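Just below is one structure, and these are the notes that go with it.
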Amino acid sequence: MDSQNLTREGLLLPDTGEPGFGVYVHWPFCAAKCPYCDFNSHVRHQPVDQERFAAAFLKEMASMRAISGPKTVTSIFLGGGTPSLMKPETVAAVLDGISRYWNVPDGIEITMEANPSSVEAERFRGYRSAGVNRVSMGVQALNNRDLKFLGRLHDVAEALKAIKLAREIFPRMSFDLIYARPNQTVEEWERELKEAIAYAVDHLSLYQLTIEEGTPFYGLHKAGKLIVPDGDQSALLYEATQEITDREGIPAYEVSNHARPGAESRHNLTYWRYGDYAGIGPGAHGRLTHGPKKLATSTERKPENWLELVERNGHGMVEQEMLGFEEQADELLLMGLRLKEGIDLVRWQQLSGREPDPKREQLLLEHGFIERLGNSRLRCTPAGMLILDSVVADLAY
């Protein structure tokens with residue numbers, strides 16, 4: 001579906017370049033736990049009381065609205081877990097609740113994560129009727145061997161069927177792939193990536209496999225039973241990713257996210273541009289401006305404990321931290337340098353109260369890791385993106 005159609009149907013407002021205000025709702029349940037996943041996701045073998053959880057989401061929204069004050073929402077994201085395990089009625093109740101507490105204009109991006117194994121045409125149409133206009137699917141691989149290795153419940157045929165359905169029903173669609181898998185060659189990844197681009201509409205999220213502590217993969221890796229590509233091979237895979245997506249017109253606008261111009265994820269841009277967002281649900285994080293400071297919120301991770309807290313206290317927040325200017329400046333740097341557009345230097349200087357250290361900046365410039373865009377913006381180069389953490393640490397000092 002092309003951008004002309006989207007504009008004509010009035011389904012998505014254009015990106016203003018501003019950070020915006022997002023609402024994130026976390027559905028914490030999955031049909032199975034993937035061995036690489038360290039997200040707050042939980043498997044339950046008894047049916048989840050969706051009506052009770054929906055009521056709790058709305059109750060926590062009321063508490064977040066009391067903190068945020070009146071806001072105009074620029075994006076909504078239903079993440080997880082596996083939100084496509086929710087009934088369409090649950091999704092509709094959640095979206096109606098957001099509209100009750102904040103101003104939600106027509107045409108904002110409303111994204112829902114989905115797994116191909118939990119996709120049904122009828123359910124997808126129900127989500128669309130509820131207001132979802134963008135779906136993001138966890139495909140992760142386009143060969144059955146690696147899907148099995150990654151612990152996915154779907155095969156390639158199911159993934160392609162889900163992609164086809166999503167393209168037919170939603171104005172916008174994205175899907176994820178994980179690369180730098182064990183024994184993966186650059187040539188294999190190039191073939192798979194070209195195939196993925198042929199199926200994609202306008203957005204792809206391409207993540208390198210990382211071994212996270214506390215996951216089954218971590219134990220296997222530590223025991224020497226799971227070998228992932230080393231730094232040099234990972235760099236080659238990353239460079240091939242950038243080259244192919246650039247050539248195919250779906251370049252990176254963030255370290256791991258690629259889109260045709262105008263199809264960038266508005267919600268994720270809110271995070272990376274360091275905007276405000278309300279985090280609703282078990283294990284959700286938020287950032288809400290409170291006068292000159294910013295309130296960082298996080299909620300109880302275990303779903304049942306969160307539910308009890310909300311029903312008792314009106315919210316499931318277990319941490320609230322007021323971030324000062326220096327902390328905000330560090331977060332702005334950490335998030336903003338992930339973007340191809342880089343950071344607004346004036347905003348960073350206003351928060352940090354200082355200029356970038358001239359010697360450190362000059363060294364990074366000379367090595368080709370960063371570049372200035374006029375006097376107002378600073379960004380990482382492709383080489384800098386490969387050592388992003390080091391660049392951030394040098395500039396933050």
Side-chain angles (χ1 to χ4, degrees), residues 14-20 179-180 186 190 193 197 202-208 210 231-275 287 325-397:
D15 176 27
T16 63
E18 296 298 316
Y179 67 103
V186 171
E190 286 177 341
L193 181 53
I197 291 169
D202 54 17
H203 192 286
L204 283 173
S205 297
L206 306 170
Y207 302 106
Q208 290 204 11
T210 53
D232 289 343
Q233 179 69 1
S234 293
L236 289 174
L237 289 161
Y238 177 81
E239 287 162 2
T241 303
Q242 308 317 303
E243 182 186 324
I244 290 169
T245 53
D246 274 351
R247 190 170 66 235
E248 297 295 330
I250 191 163
Y253 66 96
E254 187 268 347
V255 174
S256 303
N257 285 272
H258 302 252
R260 304 198 189 280
E264 299 85 358
S265 166
R266 308 292 158 76
H267 189 81
N268 287 337
L269 282 173
T270 292
Y271 297 149
W272 297 318
R273 288 172 176 164
Y274 203 46
R287 293 290 185 277
F325 293 127
E326 189 68 28
E327 292 163 306
Q328 290 181 61
D330 287 347
E331 288 195 342
L332 171 63
L333 199 66
L334 181 68
M335 302 301 283
L337 285 180
R338 297 178 65 88
L339 285 170
K340 189 176 182 180
E341 68 185 35
I343 63 164
D344 179 343
L345 269 175
V346 174
R347 187 180 174 205
W348 181 77
Q349 287 162 358
Q350 286 172 341
L351 286 171
S352 65
R354 59 183 169 83
E355 299 277 336
D357 181 88
K359 289 183 180 178
R360 290 170 187 252
E361 183 183 358
Q362 189 56 39
L363 198 62
L364 291 168
L365 285 165
E366 286 173 1
H367 281 87
F369 295 137
I370 61 171
E371 58 187 356
R372 287 264 191 154
L373 300 175
N375 293 320
S376 63
R377 299 197 77 81
L378 182 146
R379 70 177 180 184
C380 275
T381 63
M385 287 293 189
L386 286 168
I387 57 163
L388 182 60
D389 290 346
S390 297
V391 171
V392 170
D394 271 357
L395 290 170
Y397 69 91

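Index from 1, following the sequence. Predicted model, so just to flag it, every value in this text is computed and none were measured.
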Which atoms form the tightest heavy-atom contact between [X] and [Y], and what is the distance?
{"X": "P261", "Y": "G249", "result": "CD-O, 4.2 Å"}
{"X": "Q208", "Y": "A180", "result": "OE1-CB, 4.1 Å"}
{"X": "T245", "Y": "A252", "result": "OG1-N, 4.5 Å"}
{"X": "L395", "Y": "W348", "result": "O-CZ2, 4.2 Å"}
{"X": "Q349", "Y": "P356", "result": "NE2-CD, 3.8 Å"}
{"X": "Y274", "Y": "P19", "result": "C-CB, 4.2 Å"}

What distance do [X] atom [atom1] and [Y] atom [atom2] have between them, rounded to the nearest 0.5 Å?
{"X": "N268", "Y": "S205", "atom1": "CG", "atom2": "OG", "answer": "7.0 Å"}
{"X": "L206", "Y": "I197", "atom1": "CG", "atom2": "CD1", "answer": "7.5 Å"}
{"X": "R360", "Y": "L365", "atom1": "CZ", "atom2": "CG", "answer": "14.0 Å"}
{"X": "L351", "Y": "D330", "atom1": "CG", "atom2": "CG", "answer": "10.0 Å"}
{"X": "R260", "Y": "L204", "atom1": "CZ", "atom2": "CG", "answer": "8.5 Å"}
{"X": "L193", "Y": "I244", "atom1": "CG", "atom2": "CD1", "answer": "5.0 Å"}

- [ ] Give the intermediate values and the outcome of side-chain contact (heavy atoms from CB on, under 4.5 Å) for residues E264 and N257.
- [x] CA-CA 8 Å; E264 299 85 358; N257 285 272; over 6 Å; no
Under 4.0 Å between a Lys/Arg side-chain N and an Asp/Glu carboxylate O for [X] and [Y]?
{"X": "E326", "Y": "R354", "result": "yes"}
{"X": "R273", "Y": "E18", "result": "no"}
{"X": "E371", "Y": "R379", "result": "yes"}

Please tell me if the side chains of [X] and [Y] come closer than 4.5 Å, counting only heavy atoms from C-beta onward.
{"X": "L337", "Y": "L378", "value": "yes"}
{"X": "L373", "Y": "E341", "value": "no"}
{"X": "E254", "Y": "K340", "value": "no"}
{"X": "I343", "Y": "R347", "value": "no"}
{"X": "D246", "Y": "E243", "value": "no"}
{"X": "L269", "Y": "L339", "value": "yes"}
{"X": "W272", "Y": "L334", "value": "no"}

Okay, side chain of [X], backbone of [Y]: is any donor-acceptor separation there less than 3.5 Å?
{"X": "Q242", "Y": "Y238", "answer": "yes"}
{"X": "E361", "Y": "K359", "answer": "no"}
{"X": "T381", "Y": "F369", "answer": "yes"}

Task: Under the side chain to side chain contact (heavy atoms under 4.5 Å, CB included) test, residues paired with S376 that sit two or more places apart - done: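 Once residues adjacent in sequence are excluded, S376 has no partner under the side chain to side chain contact (heavy atoms under 4.5 Å, CB included) criterion.
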Task: Criterion side chain to side chain contact (heavy atoms under 4.5 Å, CB included) against Y253, the qualifying member of R338, H203, H258 - done: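 Among R338, H203, H258, the one meeting side chain to side chain contact (heavy atoms under 4.5 Å, CB included) with Y253 is H203.
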